[in-house]
**Student:** 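Take this structure first; my questions come after.
Note: hydrogens, waters and symmetry copies are ignored here, and every other heavy atom, side chains too, is used.
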Amino acid sequence: MKRPYNTLLPILFCLSAAPAYAQTTIGGGACTSSSLDGNYEFMLNGRQVAPSGTVSKVLQAVGTAAFDGLNKVTLTMTANTVGASQSFGAPLVYSGTYSLQSNCSGSISITGGDTGTFTLEAYDQGKAFAVIGSDATYAFNGSGNIQPATCPTTVSGIHEFSANGSTLSGTSVTGVLDVAGVLQFDGQGNVTANWTQISNLTTATVAATGTYTVNSTCLASATLTDASSNKYAVSFSIYTTAPAFAFAVTSPQLLFDGFGAAAQVTTTSGCDAATLNGTFELNLSGRLAPGGVTSKILVANGAATFDGHSKVTFNLTANSVNGSQAFGTPLAYSGSYTLQSNCQGSISITSGDAATFLVVAYSIDTTTQQARAFTLVGTDAVYAYSGGGNIQPAACAASTLSGAWPFSATANSLSGSTNTGVVDIAGVLQFDGQGNVTGAWTQASNTATTNISATGTYSVTPACLGSVTLTDTAGSKYVGSVSVFGTASQTFVLVAANPQLILSGTARVAFVNPGQAIGNLESYLPDQTPAGSVFVLFGSLLASKVGQPTTVPLPTTLLTTTVTVNGEPAPLFYVDPNQIDAQMPEDIKPGVATVVVKNGSAVSNAVAVMIPAAGTPGIATYGNNRAVVVNPDGSVNSPTTPAKVGDTLVVYFTGGGPVNASGPLVTGAPTPGGFSPVSGPNSITVSGVIATSTYIGLTPGSIGLYQADFVVPKVGAGDHPLVITISGQASNNPLIAISN
């Protein structure tokens, strides 16, 4: 049974709208104080650095940040400090007010428990934040992530961790410290730890055992004792149920803090070399700091490629200060790696350098058994290194970076080739998706702060590596490189330098990557619109009012709105100020494509979408997640008009992918008559029971609409989820009603 596309328009286009903002924008959003609301894990670092570069005072604290969604904030922490004396495990409570501007940048003013001011950056739709600032004693940097509504009652399995800190002699800081390793929790209060710590070019391994407790507020603690009877106190603040956590560790000889995440939640399966397989973003920092004064610095980013067997290569762009300044230097290292069952292993670099690293794999996919991330520490003849990487997207383009990206970084100020101090940076980079970027950030060094504004250009390669050049209002130029990662290309690491500054940091989208605002019309899932299918696009000021076509072929301009995909106009079904429904042109090739909206003379940001090569079905829905299914009598299936076992039904969907067409497929024109079945392997299930299908393909006379004709299998009366699978990609699972 065939139904023309226009009979479904009232259902297909009755979609929710997005909020409006100040210019024609794909995706986007606007922050307010309510963007930060609830309890967040919080880690805070403070330090005081003498003009010589010596660190004289250190604070490391872990706990929670409570934002009330209006303007009040409370920071509750367990702090470790080293100054005139050592103080481990001291409670700190700071309170004050906060505000956020529309670009997700704002401030915190602490007036209770201390007096201090922070620059505040919110990102990921208010699920996380970063701060820099100062009080009368310390220059601070910190960050937080929203905590789960229900905290885990215990922790089990193997968890990687990485951290930075200081070695101590009494109340003096004697060196910088980089740490990476694993914590293995038994779920019953016992924990074992194995880590490697590096101070300058000295490497030590530590094995320790102890006990831990977890409380209902997402906080935990542990006490560890190593083979030399050294004791370590550990404070945790949990921010995912897996869990992932921030933590701080102290003993009279050291203190360090960092982050940990589940490598394996259970201990029944183990890692091996195949756990690391593919190309990962890589961020690598090197330093030499005899006596605690940093004298040699390297910051680099790029990509690490593991072959899943034993070979690894690093391709990096590096900035270094090592007797002289060298910015933008390409580095290529290669060697071998191994991985033990506890996900901890080693990398031996033998080409391009001679270096040894401890590596820990984590965030292991339960289906593929492959890691999505790793961390490392190590040394060569010059530097002590720390770093890590995350699996990269399949492909990128300049339009992958689009919209507002809050960022934070640590830096060193320079005078020629001499390090003169430590700098913390926080701000926002705004990308137009077409190679232009503006930036505004705050730089804090001890208690002095400077506000910087800059403009420039950027590029991103298909391999998700790129470059950025910025010039501030004083004429200072910053040149850097970026490496993009995340399942939605939502994060990148940045290293940059000029003769006065060398920095390394991380940027994250303020809301979601704008490319995620373009999706399959029915499932709303991003990156699931093959050529010829129908997509929905959300944003602001996309059109002057509601507009719909009255003729076919579909127009590529409605009112004054046009949409282009790789520069090619897309046929339009519907436009309004917040939403557009359009057809992906038939000749768009699989891979990264760039989408731009023009409303009159206003041009939106450009955004990147992935065009799949195969079907990515999204079943049309109405009401409370009910499938658009037509019964044999022509009625729409519902609880009051159910179907019976053995009935032949028709379900409509989008994103079916390539077909064996009955005639030429013309963008914007109706599908030719006859059958045009999908070319990929396919199936239909009702409550998981395979249904016999008589046709799955384009609906004749429609534009970009697909249908599946199927026979209801033997299932009981009631509501049942319906799923279409094409080329291994399952659809959403709306309900159909069956009566017997």
**Student:** Go through the steps to decide whether L503 and V495 satisfy the test side chain to side chain contact (heavy atoms under 4.5 Å, CB included), and finish with yes or no.
**Tutor:** CA-CA 6 Å; L503 67 90; V495 299; 6.0 Å; no
**Student:** Would you check if there is a donor-acceptor pair between the side chains of S33 and N71 at a distance under 3.5 Å?
**Tutor:**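 Note: N71 and S33 side chains miss the donor-acceptor criterion.
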**Student:** If only side-chain N and O atoms count, and only distance matters, is there a donor-acceptor pair under 3.5 Å linking E41 with N145?
**Tutor:**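 There is such a pair (donor and acceptor under 3.5 Å, judged by atom type) between the side chains of N145 and E41.
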**Student:** Which is it for D37 and K127 under the salt bridge (Lys or Arg N to Asp or Glu O under 4.0 Å) test, yes or no, and what are the steps along the way?
**Tutor:** CA-CA 9 Å; D37 189 3; K127 296 174 184 174; over 6 Å; no
**Student:** Consider only side-chain N and O atoms of N436 and Q434, and report whether a donor and an acceptor are under 3.5 Å apart.
**Tutor:**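 No - no donor-acceptor pair under 3.5 Å links their side chains.
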**Student:** Could you tell me whether F129 and Y123 have their ring centroids closer than 6.0 angstrom?
**Tutor:**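 No: the rings miss the under 6.0 Å criterion.
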**Student:** Could you walk me through whether S467 and S459 pass the side-chain hydrogen bond (donor to acceptor under 3.5 Å, both in side chains) check?
**Tutor:** CA-CA 5 Å; S467 63; S459 64; 3.0 Å; yes
**Student:** Is there a donor-acceptor contact under 3.5 Å from the side chain of S483 to the main chain of G302?
**Tutor:**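 Such a contact is found between S483 side chain and G302 backbone.
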**Student:** Compute the centroid of each ring, for F314 and then for F280, and state whether the two points are separated by less than 6.0 Å.
**Tutor:**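 Not close enough - the centres of the two rings lie 6.0 Å or further apart.
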**Student:** Heavy atoms only: give me the nearest F67-V73 pair and the separation to one decimal.
**Tutor:**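 Result for this residue pair: CE2-CG2, 3.6 Å.
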**Student:** Between the main-chain N or O of S56 and the side-chain N or O of Q48, is there a donor-acceptor pair closer than 3.5 Å?
**Tutor:**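 No, because the side chain of Q48 does not come within donor-acceptor range (under 3.5 Å) of the backbone of S56.
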**Student:** Aromatic ring centroids of Y239 and Y40 under 6.0 Å?
**Tutor:**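 No, the ring of Y239 stays outside the 6.0 Å limit from the ring of Y40, centre to centre.
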**Student:** For N301 and N283, which I'm curious about, is there any donor-acceptor pair between the side chains at under 3.5 Å?
**Tutor:**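 No, because no side-chain N or O of N301 sits under 3.5 Å from a partner of the opposite role on N283.
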**Student:** Spell out, as yes or no, whether a donor-acceptor pair under 3.5 Å connects the side chain of N319 to the backbone of G328.
**Tutor:**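 Side chain of N319 to backbone of G328, a donor-acceptor pair under 3.5 Å: yes, one is there.
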**Student:** Please check if any side-chain donor atom of E121 sits under 3.5 Å from a side-chain acceptor atom of S105, or the reverse.
**Tutor:**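 Side chains of E121 and S105: pair found under 3.5 Å.
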**Student:** Would you say the side chain of V299 lies within less than 4.5 Å of the side chain of I502, judging by non-hydrogen atoms?
**Tutor:**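 Answer yes - side chains close enough.
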**Student:** Passes side chain to side chain contact (heavy atoms under 4.5 Å, CB included), Q528 versus I518? Steps please.
**Tutor:** CA-CA 9 Å; Q528 294 203 4; I518 300 173; over 6 Å; no
**Student:** Please determine whether side chain to side chain contact (heavy atoms under 4.5 Å, CB included) holds for the pair L44 and F140, giving the CA-CA distance in whole Å, both sets of side-chain angles, and the decisive distance to 0.1 Å.
**Tutor:** CA-CA 7 Å; L44 185 67; F140 291 109; 3.7 Å; yes
**Student:** Closest approach of M584 and I611, non-hydrogen atoms and distance?
**Tutor:**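 Scanning both residues, the minimum pair turns out to be CE-CD1, 3.6 Å.
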**Student:** Please determine, by modelled atom types, if N513 and S489 share a side-chain donor-acceptor pair under 3.5 angstrom.
**Tutor:**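 Short answer, no.
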**Student:** Sub-3.5 Å donor-acceptor pair from the side chain of Y458 to the main-chain atoms of A398, do we have one?
**Tutor:**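 The answer is yes, because a donor-acceptor pair under 3.5 Å joins these two groups.
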**Student:** For a side-chain contact (heavy atoms from CB on, under 4.5 Å) with V484, tell me which candidate from T491, L401, T461, V493 qualifies.
**Tutor:**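 One option only clears the test, and that one is L401.
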**Student:** Shortest non-hydrogen contact from V609 to G515?
**Tutor:**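 Heavy-atom minimum between the residues: CG1-O, 3.9 Å.
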**Student:** Can you find a pair of side-chain heavy atoms, one from K545 and one from L559, that are under 4.5 Å apart?
**Tutor:**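 Counting from C-beta outward, K545 and L559 do come under 4.5 Å.
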**Student:** Locate the shortest heavy-atom distance separating L100 from G106; write the atom from each residue and the value.
**Tutor:**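 Nearest pair, atom of L100 first, then G106: CD2-N, 3.9 Å.
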**Student:** From the options V607, N578, I26, select the one residue that forms a side-chain contact (heavy atoms from CB on, under 4.5 Å) with L537.
**Tutor:**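 The single option meeting the side-chain contact (heavy atoms from CB on, under 4.5 Å) with L537 is I26.
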**Student:** Relative to each other, are the rings of W441 and F407 parallel, tilted or perpendicular (30° and 60° limits)?
**Tutor:**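 W441 vs F407 ring planes: perpendicular.
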**Student:** If only atom types and distance count, is the side chain of D68 paired as donor or acceptor with the main-chain N or O of K72 below 3.5 Å?
**Tutor:**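 Answer holds: yes.
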**Student:** Is any side-chain heavy atom of N498 closer than 4.5 Å to a side-chain heavy atom of V479?
**Tutor:**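 Of all side-chain heavy-atom pairs linking V479 with N498, none is under 4.5 Å.
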**Student:** For the side chain of D527 and the backbone of M610, is there at least one donor-acceptor N/O pair under 3.5 Å apart?
**Tutor:**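 Present.
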**Student:** State, yes or no, whether a side-chain contact exists between L120 and I132 at a heavy-atom distance under 4.5 Å.
**Tutor:**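 They are not in side-chain contact.
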**Student:** Applying salt bridge (Lys or Arg N to Asp or Glu O under 4.0 Å) to D178 and R287, what does each step give before you reach the verdict?
**Tutor:** CA-CA 10 Å; D178 297 306; R287 59 188 174 180; 2.9 Å; yes
**Student:** Give, for atom CG of L298 and atom OG of S285, the distance between the pair rounded to the nearest 0.5 Å.
**Tutor:**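 It comes to 7.5 Å.
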**Student:** Determine whether the aromatic ring centres of F492 and F485 lie less than 6.0 Å apart.
**Tutor:**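 Distance test on ring centres: not under 6.0 Å, no.
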**Student:** Keeping Q325 on the side-chain end and P499 on the backbone end, is there a donor-acceptor pair under 3.5 Å?
**Tutor:**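 Side chain of Q325 to backbone of P499, a donor-acceptor pair under 3.5 Å: yes, one is there.
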**Student:** Decide yes or no on side-chain hydrogen bond (donor to acceptor under 3.5 Å, both in side chains) for T560 and N599, but give the supporting numbers first.
**Tutor:** CA-CA 6 Å; T560 62; N599 178 14; 3.0 Å; yes
**Student:** Please report the interatomic distance CE(M43) to CG(D257), rounded to the nearest 0.5 Å.
**Tutor:**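 Result: 4.5 Å between the selected atoms.
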**Student:** Looking at G27, is its backbone amide N or carbonyl O close enough to the side chain of T25 to form a donor-acceptor pair, meaning the two atoms are under 3.5 Å apart?
**Tutor:**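 Such a contact is absent between T25 side chain and G27 backbone.
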**Student:** Is it true that S413 and T420 share a donor-acceptor pair across their side chains at a distance under 3.5 Å?
**Tutor:**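 The answer is yes; a qualifying pair exists.
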**Student:** Can a donor-acceptor pair be found, under 3.5 Å and without considering hydrogens, that links the side chain of D380 to the backbone of V382?
**Tutor:**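 Yes.
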**Student:** Counting N and O atoms only, with roles assigned by atom type, does the side chain of Y478 sit under 3.5 Å from a partner on the main chain of L501, one being a donor and the other an acceptor?
**Tutor:**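 Between the backbone of L501 and the side chain of Y478 there is no qualifying donor-acceptor contact (under 3.5 Å).
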**Student:** Sort out for me which residue in V460, D432, T594 forms a side-chain contact (heavy atoms from CB on, under 4.5 Å) with S399.
**Tutor:**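 When side-chain contact (heavy atoms from CB on, under 4.5 Å) is applied between S399 and each of V460, D432, T594, only T594 qualifies.
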**Student:** Judged by modelled atom types alone, do S402 and N605 share a side-chain donor-acceptor pair under 3.5 Å?
**Tutor:**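 The answer is yes; a qualifying pair exists.
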**Student:** Set out, in order, the CA-CA distance, both residues' side-chain angles and the distance that settles ring pair (Phe, Tyr, Trp, His ring centres under 6.0 Å) for Y524 and F538, then state yes or no.
**Tutor:** CA-CA 10 Å; Y524 283 17; F538 294 106; 5.7 Å; yes
**Student:** Once you round to the nearest 0.5 Å, how far does CG of L331 lie from CG of L316?
**Tutor:**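 One gets 5.5 Å once the value is rounded to the nearest 0.5 Å.
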**Student:** Start with the C-alpha distance between L75 and F42, add both sets of side-chain angles, then the distance that settles side chain to side chain contact (heavy atoms under 4.5 Å, CB included), and finish with yes or no.
**Tutor:** CA-CA 8 Å; L75 310 176; F42 185 53; 3.9 Å; yes
